[in-house]
Trainee: 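This is the structure I have questions about; it appears just below.
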Amino acid sequence: MPSINFDQCLDSNNIQEEEEECWGLSPDFELFANYQVKTIYYPFVQDDDTTSSNNECNVETKSLNNRKSFEIEFMEPDSPLDILNKDISSSQYDATGHCVWTGAFLLVECLKDLRESLLGKKRIIEFGCGTGIGGLALALWNTRGDDASTFVCFTDTDPAVLQVCKRNCILNQLNSGQYSIKELTWGSEQVKDGNEYGMLYDVGLATDVLYDVDLIDPLFASVTTLVVTGGIFILSHIPRACYNEGNPPEAVQDLEKYIVDKAQKNGLVLENIIRPPCPEELSREILKFCPKNAFYGAGLFVFSVNPKKKD
């Protein structure tokens, strides 16, 4: 019986070829993907005409009875497949976009502070949508008490992730006229042709996507191409980007300032940074997904889009 070279089989640089050689099988993403559906609650916001007697009601009782919510299908970040993909995260079997990350929950927790910025803005494009949680949260929140429908274009570079996003749109009963789903690689020639996406958008959105400093310029270039002048770009940022050889030292020293400076050079003007609530004020529902310190140093960056500011 021939011996098996286990070191050779576990070489992450040639994992696909070696799996076929050692086991005679190709990797099957769905075999390891452990999806689940969870309810995401919006923050409780009292109506302006709420009476003083209602104000005295128990907030926890009112929160689940009256707070709007939506459903998301996603994969747990600590599933076996995601652990494996820490070494092969650039491959077609990357599970990153199938998970829901902290930046999406930051967006949900701070949405009440975005209401004024979103007023009257109905066309949304999400960059790096993953499961679609950010775009869905914004779209469904944006329709509260408003007869006008919101349209969302969900974009991601991973076609498998976009299938999950589509399932979530159906799960939340969006009709086909309320959304589109398209592949998009930031900074590519494809982005320069705005006709590929059917329209320009009032709102650009990205949550927890700047995990690599080298992604900043392509993202901002895509935003200023696809969002109208006078529109807004919302970046839900968790400060945990990795740095590559050749990245400027200022990116390491002060990542937040580096992002804002890069944005300005690409035609985005910072209007506001919305900070998360202190850990003691986080909603009970959010804490089911995130530890209390998950939002440390994080923020929702709200930029206005003004290409005339480009250098």
Side-chain angles (χ1 to χ4, degrees), residues 12-13 77 82 85-91 94-97 99 101-107 110 117 125-130 134 155-158 161 183-192 194 201 203-227 229 231-276 293-311:
S12 62
N13 292 327
D82 194 53
N85 275 278
K86 289 179 181 178
D87 289 328
I88 57 171
S89 59
S90 61
S91 79
D94 178 18
T96 303
C99 306
W101 301 99
T102 308
F105 295 115
L106 172 63
L107 173 71
C110 297
S117 298
I125 182 168
E126 183 174 10
F127 298 89
C129 67
T155 69
D156 202 289
T157 190
D158 184 349
V161 160
E183 287 188 45
L184 171 65
T185 300
W186 304 339
S188 65
E189 289 296 321
Q190 174 192 18
V191 179
K192 295 178 182 178
Y201 297 86
V203 179
L205 170 68
T207 68
D208 219 346
V209 297
L210 295 182
Y211 47 83
D212 188 325
V213 171
D214 290 336
L215 296 173
I216 295 174
D217 275 328
L219 171 61
F220 289 161
S222 299
V223 169
T224 54
T225 300
L226 295 174
V227 178
T229 300
I232 64 169
F233 174 56
I234 302 165
L235 174 66
S236 183
H237 174 61
I238 307 295
R240 57 180 175 208
C242 67
Y243 304 95
N244 304 310
E245 184 177 355
N247 287 149
E250 54 266 30
V252 181
Q253 295 163 1
D254 191 340
L255 178 59
E256 186 170 293
K257 182 178 185 302
Y258 182 77
I259 289 172
V260 172
D261 289 345
K262 281 286 189 181
Q264 186 170 5
K265 290 178 181 178
N266 280 279
L268 299 169
V269 179
L270 182 66
E271 299 292 342
N272 191 17
I273 300 180
I274 301 170
R275 298 298 181 185
N293 63 351
F295 301 141
Y296 179 77
L300 279 185
F301 294 64
V302 181
F303 298 96
S304 62
V305 179
N306 188 354
K308 293 180 181 178
K309 292 284 185 180
K310 286 185 179 180
D311 292 337

Trainee: Measuring from atom CG of Leu210 to atom CZ of Phe220, what distance do you get when rounded to the nearest 0.5 angstrom?
Mentor: 6.0 Å

Trainee: Would you check if Leu268 and Phe233 make a side-chain contact, meaning some heavy-atom pair closer than 4.5 Å?
Mentor: yes

Trainee: What is the minimum heavy-atom distance between Cys110 and Leu300, and which atoms define it?
Mentor: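 Heavy atoms of Cys110 and Leu300 come nearest at CB-CD1, 3.5 Å.
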
Trainee: State which residues pass side-chain contact (heavy atoms from CB on, under 4.5 Å) with Ser222; sequence neighbours excluded, sorted by chain then number.
Mentor: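 Result, side-chain contact (heavy atoms from CB on, under 4.5 Å) vs Ser222: Phe127, Trp186, Val191.
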
Trainee: What verdict does the side-chain contact (heavy atoms from CB on, under 4.5 Å) test give for Ile234 and Val203, after you've listed the backbone C-alpha separation in whole Å, the side-chain angles of each residue and the deciding distance to 0.1 Å?
Mentor: CA-CA 8 Å; Ile234 302 165; Val203 179; 4.1 Å; yes

Trainee: Could you walk me through whether Thr229 and Asn306 pass the side-chain contact (heavy atoms from CB on, under 4.5 Å) test, one step at a time?
Mentor: CA-CA 5 Å; Thr229 300; Asn306 188 354; 4.3 Å; yes

Trainee: If the condition is side-chain contact (heavy atoms from CB on, under 4.5 Å), which residues does Val260 pass it with, not counting sequence neighbours?
Mentor: Leu270, Phe301

Trainee: Compare all side-chain heavy atoms of Leu107 with those of Leu205 and state whether any distance is below 4.5 angstrom.
Mentor: yes

Trainee: Nearest heavy-atom pair of Leu106 and His237: which atoms, and what distance?
Mentor: CD2-O, 4.1 Å

Trainee: How close do Gly297 and Pro239 get, counting heavy atoms only, and between which atoms?
Mentor: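 Heavy-atom minimum between the residues: O-CG, 3.5 Å.
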
Trainee: Output all residues satisfying ring-ring contact (aromatic ring centres under 6.0 Å, His included) with Phe105, sequence neighbours left out; order by chain, then residue number.
Mentor: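 In terms of ring-ring contact (aromatic ring centres under 6.0 Å, His included), with neighbours along the sequence ignored, Phe105 is linked to Phe289.
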
Trainee: Who passes side-chain contact (heavy atoms from CB on, under 4.5 Å) against Thr102, sequence neighbours left out?
Mentor: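 Expected list: Asp208, Ile238, Arg240, Cys290, Ala294, Phe295.
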
Trainee: Apply side-chain contact (heavy atoms from CB on, under 4.5 Å) to residues Asn247 and Val252 and explain how you reach the verdict.
Mentor: CA-CA 8 Å; Asn247 287 149; Val252 181; 5.6 Å; no

Trainee: What pair of heavy atoms forms the shortest contact from Thr224 to Asn266, and how long is it?
Mentor: CG2-O, 2.8 Å

Trainee: With sequence neighbours excluded, what pairs up with Asp214 under the salt bridge (Lys or Arg N to Asp or Glu O under 4.0 Å) test?
Mentor: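 Checked Asp214 against salt bridge (Lys or Arg N to Asp or Glu O under 4.0 Å); zero matches.
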
Trainee: State, to 0.1 Å, how close Asp156 and Gly130 come at their nearest heavy-atom pair, and which atoms those are.
Mentor: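 Taking Asp156 first and Gly130 second, the nearest heavy atoms are OD2-N, 3.0 Å.
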
Trainee: Asp254: what forms a side chain to side chain donor-acceptor pair (under 3.5 Å) with it, not counting sequence neighbours?
Mentor: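 For Asp254 there are no side chain to side chain donor-acceptor pair (under 3.5 Å) partners, ignoring immediate neighbours.
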
Trainee: Check side-chain contact (heavy atoms from CB on, under 4.5 Å) between Pro248 and all other residues, then give those that pass, not counting sequence neighbours.
Mentor: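 Listed in chain order: Glu250, Ala251, Tyr258.
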
Trainee: For Glu271, check salt bridge (Lys or Arg N to Asp or Glu O under 4.0 Å) against everything at least two apart and list the hits.
Mentor: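 For Glu271, no residue satisfies salt bridge (Lys or Arg N to Asp or Glu O under 4.0 Å) once neighbours in sequence are set aside.
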
Trainee: Quick one: side chain to side chain donor-acceptor pair (under 3.5 Å) partners of Ser117, sequence neighbours excluded?
Mentor: none

Trainee: Look only at the side chain of Ser236 and the backbone of Thr207, and say whether a donor-acceptor pair between them is shorter than 3.5 Å.
Mentor: no

Trainee: For Asp212, enumerate each residue passing the salt bridge (Lys or Arg N to Asp or Glu O under 4.0 Å) test, keeping only those at least two apart in sequence or located in another chain.
Mentor: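 Once residues adjacent in sequence are excluded, Asp212 has no partner under the salt bridge (Lys or Arg N to Asp or Glu O under 4.0 Å) criterion.
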
Trainee: Apply side-chain contact (heavy atoms from CB on, under 4.5 Å) to residues Asp158 and Thr96 and explain how you reach the verdict.
Mentor: CA-CA 10 Å; Asp158 184 349; Thr96 303; over 6 Å; no

Trainee: Does the Thr155 side chain pair with the main chain of Glu126, one donor and one acceptor, at a distance under 3.5 Å?
Mentor: yes

